[in-house]
Amino acid sequence: QQPVQSPQAVILREGEDAVINCSSSKALYSVHWYRQKHGEAPVFLMILLKGGEQKGHDKISASFNEKKQQSSLYLTASQLSYSGTYFCGTERNSGGSNYKLTFGKGTLLTVNP
Amino acid sequence: EAGVAQSPRYKIIEKRQSVAFWCNPISGHATLYWYQQILGQGPKLLIQFQNNGVVDDSQLPKDRFSAERLKGVDSTLKIQPAKLEDSAVYLCASSLMRVGEQFFGPGTRLTVL
């Protein structure tokens with residue numbers, strides 16, 4: 001089950017904030033967030049495990065609401081380097097001790113000077 | 001620490017031809033993944049290995065795609081015969097454990113004419 005991300009695209013000016021949402025209809029073990037710049041591989045940002053937690057580093061943070069199976073990524077005081085496509089990946093148990101990561105369609109973030 | 005290596009970086013073939021991609025994961029990473037990323041979409045898991053055993057291949061088109069991971073280290077993904085819709089970037093990723101951060105290689109961009 002592919003998670004649903006919103007918005008599909010967002011344009012910011014440097015210094016503005018943004019929120020990207022990710023929701024699933026299935027019970028989740030964890031939520032991953034990755035950023036991919038054009039022509040490059042996805043780069044890991046953070047992982048949130050079930051139990052409802054919030055994480056962050058620098059000015060990027062995220063939360064995971066286990067009851068609603070939703071996660072949000074918060075970008076504060078955006079920098080030009082934040083531009084890229086953000087993917088959430090939802091991790092579910094696929095049987096036994098196996099877990100499977102399914103990515104959303106992505107949110108294209110553009111930060112302009 | 002060396003990252004995930006993939007080759008070739010680019011490949012152009014005609015439909016019905018065969019192609020193979022190679023991946024060398026980060027040393028010590030037991031879990032290896034092959035993803036297909038179509039332009040404008042998130043990565044889609046094709047197959048997941050734990051050491052040299054297959055954990056999940058539910059989305060691998062087995063009539064034309066095959067993958068192996070001999071000796072639990074590097075891996076090859078083969079397409080035979082290729083179709084136009086196989087045009088995509090094929091990403092290899094590895095992780096230390098079955099769950100957690102995944103490290104992606106640079107990908108192989110396949111164009112099927």
Side-chain angles (χ1 to χ4, degrees), chain A residues 1-6 8-9 20 22-24 27-51 53 55 57 62 64 71 73 84-109, chain B residues 1-10 21 23-26 29-51 53-60 88-111:
Chain A
Q1 296 286 0
Q2 186 175 41
V4 177
Q5 285 187 237
S6 63
Q8 289 185 325
I20 300 172
C22 174
S23 64
S24 172
L28 302 176
Y29 174 79
S30 71
V31 177
H32 296 216
W33 285 97
Y34 289 78
R35 177 172 60 210
Q36 185 175 32
K37 292 184 180 287
H38 184 69
E40 299 180 8
V43 174
F44 175 82
L45 293 176
M46 64 189 75
I47 182 172
L48 300 104
L49 301 176
K50 70 175 184 178
E53 60 172 348
K55 275 193 173 183
H57 60 84
F64 177 26
S71 179
L73 185 71
T85 300
Y86 289 77
F87 293 100
C88 75
T90 51
E91 197 161 34
R92 297 178 53 231
N93 185 277
S94 59
S97 58
N98 300 323
Y99 292 83
K100 181 175 176 178
L101 189 66
T102 304
F103 287 93
K105 292 186 176 181
T107 296
L108 178 62
L109 180 76
Chain B
E1 177 182 84
V4 176
Q6 288 189 247
S7 67
R9 293 294 312 278
Y10 304 91
F21 313 127
C23 170
N24 187 253
I26 293 173
H29 281 196
T31 311
L32 184 146
Y33 315 81
W34 282 103
Y35 289 91
Q36 179 192 60
Q37 187 174 26
I38 292 172
L39 189 64
Q41 301 285 325
K44 171 188 167 185
L45 179 68
L46 293 176
I47 189 166
Q48 177 179 341
F49 291 95
Q50 180 70 19
N51 295 310
V54 175
V55 172
D56 189 315
D57 63 357
S58 57
Q59 298 188 103
L60 185 74
V89 175
Y90 290 84
L91 294 163
C92 178
S94 70
S95 62
L96 192 59
M97 299 178 292
R98 282 193 192 183
V99 296
E101 178 181 358
Q102 295 185 18
F103 296 83
F104 284 82
T108 297
R109 182 175 297 277
L110 173 69
T111 302

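In the text below, chain A, chain B and the rest are named by the order of the sequence lines, each starting its count at 1.
Heavy-atom distances place no part of B:Y33 under 4.5 Å from chain A, backbone and side chain included. No part of B:Q50 comes within reach of chain A, as not one of its non-hydrogen atoms sits under 4.5 angstrom from that chain. In this structure, no portion of A:Q5 lies under 4.5 Å from any heavy atom of chain B. Heavy-atom distances place both the backbone and the side chain of B:Q41 under 4.5 Å from chain A. For a residue to count as touching a neighbouring chain, one of its non-hydrogen atoms must lie under 4.5 Å from one of that chain's; by this rule B:P43 touches chain A with backbone and side chain alike. Looking at B:T31, neither its backbone nor its side chain comes within 4.5 Å of chain A, counting heavy atoms on both sides. Only the side chain of A:F87 has a heavy atom closer than 4.5 Å to any heavy atom of chain B.
With B:Y35 as the partner, the side-chain hydrogen bond (donor to acceptor under 3.5 Å, both in side chains) test is satisfied by one option alone out of B:Q102, B:K44, B:Q48: B:Q102. Under the side-chain contact (heavy atoms from CB on, under 4.5 Å) rule, B:L60 has a single partner from B:I47, B:L45, B:V54, which is B:I47.
When each of A:E40, A:Q2, A:K100 is scored by its heavy-atom pairs under 4.5 Å with chain B, the top score falls to A:K100. Ranking A:A41, A:C88, A:P42, A:G89 against chain B, the residue ahead of the rest is A:P42, based on heavy-atom pairs under 4.5 Å.
Side-chain atoms of A:Y86 and A:R35 include a donor-acceptor pair closer than 3.5 Å.
With sequence neighbours excluded, no residue forms a side chain to side chain donor-acceptor pair (under 3.5 Å) with A:T102. For B:T108, the side chain to side chain contact (heavy atoms under 4.5 Å, CB included) test picks out B:Q6, B:P8, B:F21, with sequence neighbours left out.
Within a 6.0 Å sphere centred on CZ of B:R109, heavy atoms belonging to other residues, nucleotides or ligands number 12 at most.
The two atoms that bring B:C23 and B:L32 nearest to each other are SG-CD1, 4.1 Å, heavy atoms only.
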